[in-house]
Amino acid sequence: MKRIVVIGSVSMDLVVTTDKRPQAGETVIGQAFQTVPGGKGANQAVAAARLGGRVEMVGCVGSDEFGQRIRQNFEQNEVGTQQLRTIDGEVTGTAHIVLAEGDNSIVVVQSANKQVVFTEAELEQLIDDESLVLLQLEIPIATVEHVSAYCRARQIPVLLNPAPSQPLTDELLEHVTYVTPNEHECRDLFGDVSLDEVLRRYPNKLIVTEGVNGVRFFDGETIQHVPAIQADVVDTTGAGDTFNGALAAALMEGSELREAVRFAVVASGLSVEGFGAQGGMPNRNDVMRRLERV
Ligand code: RIB
């Protein structure tokens with residue numbers, strides 16, 4: 001089976017659950033504190049593996065307890081860790097999450113994720129012609145640009161999830177095969193242009209996720225809309241990551257884009273019904289059962 005190579009962030013999520021999100025200068029009493037594996041790269045790797053993908057995680061953790069827990073978590077989820085480096089004396093990346101009022105706020109401290117950098121020779125070892133590469137923006141942007149240019153030159157497909165939002169060059173957008181912003185990231189990337197107009201510029205490439213409003217892309221003839229599923233929301237953290245991991249898994253199986261998007265929408269909808277970025281991520285049977293009802 002073809003491999004999904006996720007090159008991205010690996011973090012521990014430090015999650016506080018509270019009824020009220022504190023304002024600047026305010027202190028509130030919270031209900032619970034939990035540490036759970038996260039990081040956009042890691043979440044996408046776990047999502048793809050649970051859905052049947054053959055996945056390799058390429059990234060960095062620190063030589064601390066969080067790094068060890070994260071490594072074990074990958075092993076439990078059957079994500080390959082041969083290219084997951086432990087950086088001696090460095091700390092593992094963390095995401096500081098407040099869950100309140102039905103939504104999350106997140107501060108990411110990159111730490112070891114800043115060290116995800118490669119030479120050309122290293123990329124040759126990591127990525128073969130049979131891979132699909134999955135990227136996000138919690139590692140250095142220079143690495144994202146380098147990997148995308150490397151893959152473009154070899155016609156290796158790249159799925160870029162441009163999150164968290166930051167400006168991207170036209171060259172980077174040209175180098176990747178698929179780009180999957182949410183509606184806010186899409187506005188940050190393309191400015192105040194209507195969604196339809198932006199979608200038409202990137203047929204079968206720009207796939208915009210809009211939460212409960214589903215997903216849109218332009219297939220070269222018409223704008224396709226794939227509606228979201230009804231879900232009992234517990235925690236939306238990681239829903240976007242589940243979408244991207246699932247999309248990669250479906251594309252690697254040979255699904256057409258619309259079919260792959262539909263699979264990913266269902267996986268992402270199911271993922272919000274559990275706590276934590278990875279807690280609600282479904283397996284393949286969960287998605288297939290739900291697809292039969294859609
Ligand atoms: O996309 C969700 C992820 O973003 C969380 O797991 C957290 O690590 C942040 O990076």
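Since we're looking at a predicted model, the values are computed, not measured. In what follows, residues are counted from 1 in the order of the sequence shown. As the structure lists them, so they are numbered: ligands from 1, and atoms in each ligand from 1.
For the pair G39 and ligand 1, the shortest N or O to N or O distance falls below 3.5 Å.
Between S111 and V91, the shortest heavy-atom contact is CB-O, 3.1 Å.
Of all atoms in ligand 1, listed by their number and element, those nearer than 4.0 Å to a heavy atom of A277 are 6 (O). Heavy-atom proximity to V108, at under 4.0 Å, picks out these atoms of ligand 1: 10 (O).
When hydrogens are left out, the protein atom nearest atom 2 (C) of ligand 1 is D241 OD2, 3.3 Å; that is the closest non-hydrogen contact. Looking from atom 7 (C) of ligand 1 to the surrounding protein, the closest heavy atom is D13 OD1, 3.3 Å. The protein non-hydrogen atom at the shortest distance from atom 4 (O) of ligand 1 is K40 NZ, 3.3 Å. For atom 3 (C) of ligand 1, the nearest protein heavy atom (residue, atom name, distance) is N43 ND2, 3.6 Å. At the shortest separation from atom 9 (C) of ligand 1 among protein heavy atoms lies E138 OE2, 3.6 Å.
Here the OG1 atom belonging to T236 is positioned 7.5 Å from the CG atom belonging to L99, to the nearest 0.5 angstrom.
A salt bridge between E183 and R216 is absent, with no side-chain N of the basic residue lying under 4.0 Å from a carboxylate O of the acidic one. Of the charged side-chain nitrogens involved, at least one lies within less than 4.0 Å of a carboxylate oxygen, so that E26 and K20 count as a salt-bridged pair.
Shown here is E120, whose CD atom has more than 12 heavy atoms of other residues, nucleotides or ligands within 6.0 Å.
Centroid-to-centroid, the aromatic rings of F190 and Y202 come within less than 6.0 Å.
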